[in-house]
Amino acid sequence: MTLNPAGRWTTQRWFAFVLVGMAVLIVGGTALGARALAHTTAVSNRLSDHISPARTTVVQLDVALLDQATGVRGYLLSGQDALLEPYPRGVAAERAAAGRLRELLAGEPALLAELTEVETLAARWRADGADPLVENRRRTGTTPEASADTAFETVRRQVAALDERLIAEREAGRAALDRSRRVRNTVFVGLAVLLLAAIASIAVLLRVVVLRPLGQLGDAVRRVAAGDFEHRFSPRGPADLVDLGRDVEAMRGRLVDALVESRQAHEELRRSNADLEQFAYVASHDLQEPLRKVASFCQMLQRRYADALDERAQQYIGFAVDGATRMQRLINDLLAFSRIGRVYDGNRPVDLNDVLDQVEQILAARVDETGARIVRPPLPTVPGDATLLTMLWQNLLSNALKFHHPDRPPQVEITATDTGGIWTFTVRDNGIGIDPQFADKIFVIFQRLHSREEYSGTGIGLAICKRVVEYHGGTIELDRTYTGGAGLTFTLPALTPAEPPASLAESAPAA
């Protein structure tokens with residue numbers, strides 16, 4: 001692996017280095033452990049598959065030689081052929097045992113040499129002693145005076161020497177097996193300790209090289225996220241973490257610049273709001289006073305000089321009074337629209353049943369005049385500003401009564417549905433309705449669908465409704481599917497369990 005131009009490894013390279021190191025350790029340990037295990041297995045197999053069976057076969061070889069000697073001695077003494085039977089049987093058993101030993105000791109040249117010596121001495125004993133004596137006994141019928149016991153004892157001593165050599169090899173093999181097992185156990189314990197040490201070293205290395213710088217970067221990010229925008233990053237660690245830290249530092253710088261600009265804009269907005277407040281004061285006092293004077297003096301002129309004025313002059317005076325009155329109403333509506341979110345900014349639980357009761361009292365005269373019928377279910381308590389919500393319902397019901405059908409008394413139906421944390425309300429009437437093509441236009445300030453001669457008003461009522469609903473976090477729209485009149489649907493947030501209900505009188509002053 002090569003270093004980057006900054007002389008640092010990336011996190012990916014550190015992890016690759018760690019993985020390669022662990023792979024080398026595992027492969028090397030596996031090879032060393034396999035070698036130790038193979039050596040232990042080889043020593044164990046030599047003992048169990050060769051030395052121990054060879055010693056058992058040597059005993060069988062010795063028995064075969066004893067059978068031969070017994071058969072020869074019995075026949076020489078008695079001359080009976082039946083007593084000579086163990087001799088050929090012993091020869092066959094000797095040869096079988098010798099062949100078996102050669103298979104077992106195929107990789108033991110020293111032991112094979114001793115086995116060859118035993119076979120040579122046994123063959124010499126039979127050729128020089130046993131067979132001539134047996135032949136002489138058959139021919140002469142007399143017991144020979146000579147004996148082959150001395151040569152036979154030589155064969156027995158050689159077999160005993162072979163057996164002792166096998167015993168020595170067995171003991172040496174057991175000692176070697178013990179040593180091999182100790183080496184094997186030491187190797188595996190050492191590998192386990194080395195592996196644990198390597199894992200601990202890797203953990204420390206990753207903590208120092210990767211995790212600690214990453215934690216420091218995370219702490220710095222959380223500190224900035226908590227509001228300390230002046231805190232600067234000093235990225236450390238792998239190259240990619242350093243690059244990430246620099247990117248975060250650059251982002252922090254941009255956020256600080258944006259925050260400064262936002263504060264400046266906020267200060268400008270505050271000054272603009274102050275100017276707007278001043279304008280609202282002027283509009284509500286200084287501008288309305290001349291309008292009141294114009295209207296009142298025009299009315300006085302109309303009353304005092306009614307007989308002296310012709311019909312056209314009377315009409316002109318009516319236009320002046322109507323214009324002043326409409327201008328005054330327009331100013332009041334604009335003031336109400338501008339105060340939403342600035343003056344009325346309460347956020348307490350409001351019982352909409354109390355709100356509707358108050359609105360119906362305000363509109364009682366109009367209800368009686370038109371013979372209207374308002375159908376409403378039990379309404380929920382929602383968080384918000386009582387005055388604004390009163391304005392909302394008053395404008396909605398007032399529109400339903402104003403734009404009623406001339407051939408039937410108005411009927412207004414209200415519904416409320418809980419849709420999981422959000423209340424959805426509908427207000428439907430049986431009036432003249434609204435063409436769906438004007439669904440967006442009706443919520444624009446000063447947008448009218450009818451002339452002032454047909455219906456009074458400034459065209460700001462639904463704009464106020466839209467602003468009130470959006471101020472409370474909801475939406476409002478025309479119900480395009482309803483064709484029996486005008487239908488409006490809007491949403492308001494539901495009351496959370498932490499907000500206890502409150503009556504309208506406790507929430508805000510009456511509108």
Residues D354, Q358; criterion side-chain contact (heavy atoms from CB on, under 4.5 Å); working and verdict: CA-CA 6 Å; D354 294 340; Q358 182 172 334; over 6 Å; no
Pair V468-I464, side-chain contact (heavy atoms from CB on, under 4.5 Å): steps then yes or no: CA-CA 6 Å; V468 170; I464 290 177; 4.1 Å; yes
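With a 4.5 Å cut-off on side-chain heavy atoms, V260 and D257 do not count as touching. By the 4.5 Å heavy-atom criterion applied to side chains, T390 and V359 are counted as neighbours. Within the 4.5 Å cutoff, side-chain heavy atoms of L492 are placed close to those of L389. V375 has its side chain within reach of R373: a pair of non-hydrogen atoms, C-beta onward, lies under 4.5 Å apart. Between I362 and Q394 there is a side-chain heavy-atom pair separated by less than 4.5 Å. L356 is listed as a side-chain neighbour of R376, based on a closest heavy-atom distance under 4.5 Å.
In terms of heavy atoms, P383 sits closest to P493 at CD-O, 3.4 Å.
Shown here are the ring pair (Phe, Tyr, Trp, His ring centres under 6.0 Å) partners of F490, two or more places apart in sequence or in another chain: W393, F425. Legend: residues meeting side chain to side chain donor-acceptor pair (under 3.5 Å) with T489, ordered by chain and number and at least two apart, are absent.
Distance CG/L495 to OG1/T381: 6.5 Å, rounded to 0.5 Å. In this structure, T491 OG1 and E470 CD are separated by 9.5 Å, a value rounded to the nearest 0.5 Å. For the atom pair OG1 of T186 and CZ of R181, the computed distance is 14.0 Å after rounding to the nearest 0.5 Å. To the nearest 0.5 angstrom, L396 atom CG is 11.0 Å from L401 atom CG. Atom OG1 of T41 sits about 9.5 Å away from atom CG of L177, to the nearest 0.5 Å. Atom-to-atom distance recorded for D357:CG and E360:CD is 6.5 Å, nearest 0.5 angstrom.
At least one donor-acceptor pair under 3.5 Å links the side chain of H472 to the backbone N or O of D385. Proximity of a side-chain donor or acceptor of N430 to a complementary backbone N or O of Q411 within less than 3.5 Å is detected. In this structure a side-chain-to-backbone donor-acceptor pair under 3.5 Å is missing from Y482 to L488. Counting only distance, with no hydrogens or angles, the side chain of S48 and the backbone of S44 share a donor-acceptor pair below 3.5 Å. When atom types are taken as modelled, the side chain of S262 and the backbone of A258 share no donor-acceptor pair closer than 3.5 angstrom.
In the displayed structure, R408 atom CZ is contacted under 6.0 Å by more than 12 heavy atoms of other residues, nucleotides or ligands.
Taking the charged nitrogens against the carboxylate oxygens, R174 and E171 do have a contact shorter than 4.0 Å, which makes a salt bridge.
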Check residues 412-423 and write down every donor-acceptor pair under 3.5 Å in which the side-chain atom is one partner and the other belongs to a residue at least two apart or another chain.
from: T415; atom 1: OG1; to: T426; atom 2: OG1; distance (Å): 2.1
from: D418; atom 1: OD1; to: G420; atom 2: N; distance (Å): 3.1
from: T419; atom 1: OG1; to: I422; atom 2: O; distance (Å): 2.8

